[in-house]
Each structure stands twice: as structure tokens, then as C-alpha cells.
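Reviewing the structure listed below.
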Amino acid sequence: MTSILKLSNIRKEFTGTSKKPIIAIDHVSLSVERGKTLGIVGESGSGKSTLGRIMLRLAEPTSGTIEFNGEDLLARNPREMRAIRSKIQMIFQDPMASLDPRMTVRELVREPLDIHKIGTVEERNRAVEEIAKSVGIAQDALEKYPHEFSGGQRQRISIARAVINRPELIVADEPVSALDVSIQAQILNLLRSLKEELNLTFVFISHDLSVVRYFADEVAVMYLGNIVEYAPTEEIFSNPKHPYTQALISAVPHISTDAKRERIILTGDIPSPTDLPSGCHFHTRCPIAKDICSTETPKFEQVAPSHLASCLLLASKGTKA
Amino acid sequence: MKRKSALLSLLFIALIILSAIFAPLISPFNPSEQFKDGLTLQGAPIAPSGKYLLGTDLLGRDLLSRLIYGARTSLIVGIIANGVAVIVGTTIGLLAGFLRGRLGNLIMRFTDLMMAFPALLLAITLSAIFSPSLLIVALVISMVNWVQIARVIYTQTISIAEREYVLATKGLGATNNRVITRHILPHLLPTVLVYTTLGIATTVLLEATLSFLGVGVRPPTPSWGNIIFENQTYFITAPWLVFIPGLAIVLLALSFNLLGDALRDELDPTQRGLS
């Protein structure tokens with residue numbers, strides 16, 4: 001397995017009006033294997049969307065490196081970067097906001113081809129018609145404007161736009177969270193069949209664990225700009241190690257008649273990234289926090305085969321056992 | 001309703017433009033000629049009558065002929081001055097708003113400087129340096145008027161450039177050029193249109209002010225503005241001399257406004273066919 005995208009030690013600061021920078025992302029390293037789907041989960045404000053944008057260099061990281069197909073993305077000049085962008089595409093959460101309201105569906109879907117000057121205009125139009133068919137947009141809808149569609153249809157338009165240029169990697173930032181549950185399933189199935197058909201690699205960002213479970217091969221859990229746990233999907237759902245992941249998973253509603261599941265309830269809100277808690281960032285809300293958690297910073301290390309987590313209590317258990 | 005008023009406006013504008021172009025053919029008299037029977041024995045202007053359809057002015061010249069020729073001046077100033085102001089203002093505001101940062105700031109501080117300078121004083125100074133001609137008057141007016149447009153376009157550009165579809169287009173690998181011309185400029189168009197149509201009235205009036213102060217269009221060349229100012233002393237005894245050219249300015253400005261409104265709705269796909 002070769003990795004298509006590799007982030008190492010990414011840090012992103014935002015400097016606002018106050019002197020103190022907001023640290024949105026820190027010490028994030030991950031790699032995405034070709035043909036696989038990496039799910040990134042976390043609650044609002046955990047930095048997952050910013051991380052997604054950094055993958056395309058739509059936001060510049062403060063430090064760290066990004067490798068795409070072994071190439072250092074941060075070393076590319078704007079012109080080279082534009083060429084690479086045809087290989088990495090993004091699907092945004094709200095298709096109403098991410099589609100220009102003054103363009104017709106045909107213009108929107110054709111735009112990636114127009115930008116990279118691929119083929120003649122007739123060929124581009126034919127490609128648009130083909131892709132429209134495969135994502136389920138009617139041919140007579142091509143001359144309409146985005147506001148004339150429902151949310152699900154609009155997201156199909158964004159998807160068509162993302163895949164028309166045959167990208168290798170798609171970063172999907174909450175692609176179904178703005179949609180009705182019944183539509184979510186359709187869009188997820190569409191993404192899945194496109195993934196098979198076009199041999200795509202996905203980074204799937206979501207706050208919805210059941211969606212990630214359905215779609216991802218591996219999952220990274222983010223909290224306050226750090227990855228706190230990383231493991232294959234089945235492993236993380238059956239054997240979550242980090243107390244934050246455990247709390248998230250216990251909060252997923254599900255139907256069962258047997259086992260009495262303990263619901264772990266986190267108190268309080270996610271702390272402000274301008275004023276990060278000392279030690280382990282999670283200690284303020286952690287149900288099992290000890291004194292040591294507020295002073296020492298946990299390392300992100302292996303806790304089981306291909307399963308990483310950053311928790312002081314896990315590490316001490318690990319060394320004892 | 002909207003279409004009807006837009007159509008009427010278009011007709012009115014066309015009428016003014018045609019009469020300006022064909023002024024020598026349709027105007028009943030020479031606009032500069034002072035007629036012996038153009039004044040009463042007491043020396044007062046003649047009210048609208050059979051011979052002089054709109055009456056005569058303080059020097060016994062035919063008002064209708066002066067209005068028809070004056071349309072030339074007013075339209076040239078309105079269209080050239082306003083066009084230059086809108087183009088310059090939009091370009092500068094758009095660039096500053098898109099670039100942001102140090103360069104954008106520099107551009108906007110210069111704009112602020114221009115704004116802080118009294119417009120009329122600037123216009124008078126400039127016309128004093130260059131000997132007044134129609135073109136100079138138009139350019140002077142546009143140098144004063146681009147500033148407000150630049151300000152408004154600047155803030156609008158900043159807000160549009162932050163929208164997600166702009167980010168999405170950058171993510172597709174689009175050049176800045178494409179982002180600006182395809183995804184920012186079309187969204188600025190409604191504002192630009194409103195400013196263009198509003199600007200017609202402002203420029204016609206500013207030209208009138210300049211003419212009145214003697215730094216605008218030189219008499220006896222008529223313009224709608226200087227007809228009003230020349231005759232203002234007769235405001236009480238011969239009100240038509242002020243009201244008729246005033247009405248012409250108002251109607252022209254109103255027509256451009258209504259036309260601009262309709263055009264804006266027509267260009268916006270989310271508004272099309274609603275009214």
C-alpha cells in the first residue's frame with residue numbers, strides 16, 4: 001500500500017485581533033492510503049475542516065509538511081499548485097454556498113475542464129452530460145441554476161464537479177450533514193459507487209460517527225486540533241481506547257435489545273482554542289482524569305497493533321502490562 | 001409592471017439620445033441666437049407660446065432649442081464622466097478588495113485621501129489648471145466621483161471573496177484572473193449598475209455646478225445645468241426656465257435608475273421572472 005497523501009507535524013495558527021494566536025491544529029501527522037477512505041471525526045471546533053482545507057493548500061499550515069504522491073506540496077509555486085489541484089478535489093458541506101448561484105449546472109460542472117483546458121468545448125459538454133448521468137442529474141436540469149434544486153440534487157452537482165476531472169483524492173468535508181437522513185443514504189451510496197468506479201481515495205470529514213463507520217476504512221478522532229486516536233474503523237468502534245472516543249461512540253444512538261450500554265456524558269463545552277488547557281487538552285472534560293493529566297502532555301503512541309492514541313492513563317497501563 | 005416602466009425609461013432615454021444626435025435637424029432655432037421678439041418690451045422672458053414652444057430665456061433665446069442642444073453636453077458629460085468614474089472606481093475597489101494586505105491597504109488609504117479632499121475644490125482646481133473643455137469637465141467629474149464607488153466595491157469584494165464558492169473555485173485550480181472575472185465581478189454587477197444609474201444624476205448636476213462657477217462648460221454652449229443656473233434670477237417671474245430643464249434632468253436620472261433596476265433583476269438568475 002502506498003500513501004497518496006501524507007501530512008507530518010502540521011500546525012495551524014490563526015492570528016486574530018488579539019496578540020495571542022489561536023492554535024487550530026497542532027502536531028497532526030497522518031497518511032492516506034491509495035484507494036482507501038480515511039474518516040476524520042470530531043466535534044465542532046476540533047479543527048477537522050481546517051485540516052481538510054490544508055490538505056488542498058486552501059489554507060496554509062503554519063508549519064509542517066504535506067506530501068502528495070511523494071511530492072512536497074508546500075514547495076510548489078502557485079502555478080504548479082493549480083495544476084496539482086486537478087488531482088485533489090474537495091466536496092463542501094453546504095452545496096448552496098459552494099456553487100456559484102449565477103452559473104448554470106452545465107457551467108458549474110464543466111468548470112474544472114474549462115480551467116484546465118481539457119478537450120474541445122463539445123468534448124467538455126459531452127463529458128458533463130456523461131457525468132450528470134452517472135451522478136443522477138437529469139439532462140434537462142443542466143441549463144438550470146443551483147437555487148432551483150433540492151439539497152440532495154445540489155450535492156450531486158458538487159459531486160459531479162469534483163469527479164469530472166478524474167481526481168485521485170477527494171476531500172469531502174461533511175458532505176451529507178446538511179441533508180435529510182433519507183437523502184444522506186443516497187448520497188453516501190453514490191459516493192461509494194463512484195469510489196469503486198473511478199478508483200478514488202477519500203478523506204471523509206464528519207461529526208457523524210455512523211456515517212464515518214459506513215464509509216471509512218480508517219478513522220482519526222480529533223479533539224482541539226490534535227488527533228487523539230487513530231485506528232482501522234472496526235477496531236475503533238469495537239475497541240475505543242481514548243476516553244474521548246469512548247464518550248463519542250457511547251453517544252451514537254442505536255437499536256439493541258441486549259447489552260445495557262453505559263452512556264458516557266461529557267460535561268461542558270469544548271474549551272476555546274485561544275486558551276488551551278495545560279497537559280492533556282482533554283483533562284477538563286475527561287471522566288477518568290487524574291492529577292497527572294493537567295500537568296503532563298500525552299504522547300501519540302501505539303496502544304495496540306495499528307492503533308494509536310494519546311492518553312497518559314493508557315500509556316502507563318501499557319508500560320505496566 | 002417593472003418591465004413596463006423599464007420600457008418607458010428606455011424610450012425616454014432613446015428620445016433624449018436621438019434628439020442630442022439630430023439636434024441641428026429638429027431644433028426649431030439656433031440655440032445661441034438672441035431674438036428681437038424674444039423678450040417682452042420690459043425685457044422679461046416670453047412664456048411658452050406658439051412661436052417659442054417652451055418660451056425664451058433671459059437673453060431672448062429659444063428654450064426648446066437650448067434644451068435640445070444642451071442634451072448633447074449633459075449626455076456626453078453624464079456618460080463619459082460617469083463611465084470613467086465607474087470603471088476606475090470598480091477596478092480599484094476590486095483590486096484592493098481582492099489583494100487585501102499591504103497593497104490593498106495602500107490603495108484604500110489613497111482613496112480615503114481623495115475622499116477627504118473637498119470634491120468641488122478639487123474640481124475647480126483641476127479645471128483651472130486645464131482650460132475648460134467638454135472632455136476636461138467630464139474627466140474632472142470622474143476624478144471626483146470614482147472614490148465612492150471604489151469604497152463600496154472594495155467592501156463588497158471582500159465579502160464576496162470570502163464566500164465558499166470562491167474558495168471552491170480556487171480549489172479547482174482556477175487562476176486569480178478567472179476567479180475575479182467569473183466569480184466576483186458578476187456578483188458586483190448589481191452594485192455597479194445601481195451606482196452607474198445614480199451617478200448620471202450626480203454628474204449632470206455637478207456639471208451644472210461647475211458651469212455655474214465658470215469652470216465648466218463655457219457659455220453660450222448650453223447644458224441642462226447651466227440653463228438652470230443662468231436663469232435662476234427669473235425663478236419667480238418665469239419659473240418654466242428653471243423647472244423645464246430641472247424636469248429634464250430628473251426624468252433622465254429616473255429613467256436610468258428604473259432601467260438599471262430592471263437590468264439588475266434580469267441579470268440575477270434567482271430574481272428572473274419574479275416580477
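Chain letters run A, B, ... following the sequence lines, proteins first and then strands; every chain starts at 1. Heavy-atom basis, side chains included; hydrogens, waters and symmetry copies ignored. Note that the structure is predicted; figures quoted are calculated from it, not measured.
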Are any of the side-chain heavy atoms of A:Lys48 and A:Val41 separated by less than 4.5 Å?
no
For B:Arg182, does the CZ atom sit with more than 12 other heavy atoms under 6.0 Å from it, leaving out its own atoms?
no
Give the intermediate values and the outcome of side-chain hydrogen bond (donor to acceptor under 3.5 Å, both in side chains) for residues B:Glu207 and B:Ser223.
CA-CA 8 Å; B:Glu207 177 270 321; B:Ser223 83; 2.7 Å; yes
Tell me, yes or no, whether the heavy-atom count around A:Lys195 atom NZ, taken from other residues, nucleotides or ligands under 6.0 Å, exceeds 12.
yes
Residues 93-104 of chain A: residues contacting chain B (heavy atom under 4.5 Å, by number)
A:Asp94, A:Ala97, A:Ser98, A:Leu99, A:Asp100, A:Pro101, A:Arg102, A:Met103
Test applied, side-chain contact (heavy atoms from CB on, under 4.5 Å); reference residue, A:Leu5; option that passes from A:Thr201, A:Asn69, A:Leu169:
A:Leu169
State, with a plain yes or no, whether a side-chain heavy atom of B:His187 is found less than 4.5 Å away from one of B:Tyr165.
yes
Are any of the side-chain heavy atoms of A:Met55 and A:Leu51 separated by less than 4.5 Å?
yes
Can you tell if the side chain of B:Phe256 reaches within under 4.5 Å of the side chain of B:Ile13, non-hydrogen atoms only?
yes
What part of A:Arg79 lies closer than 4.5 angstrom to a heavy atom of chain B: side chain, backbone, both or neither?
neither
Assess whether atom CZ of B:Arg109 is packed by more than 12 heavy atoms of other residues, nucleotides or ligands within 6.0 Å.
yes
Top residue by heavy-atom pair count (under 4.5 Å) with chain B, among A:Met90, A:Gln89, A:Met81?
A:Gln89
Pull out the residues in residues 105-136 of chain A that come under 4.5 Å of chain B, heavy atom to heavy atom, sorted by number.
A:Glu111, A:Pro112, A:Asp114, A:Ile115, A:His116
Would you say B:Met108 and B:Arg151 make side-chain contact, with heavy atoms under 4.5 Å?
yes
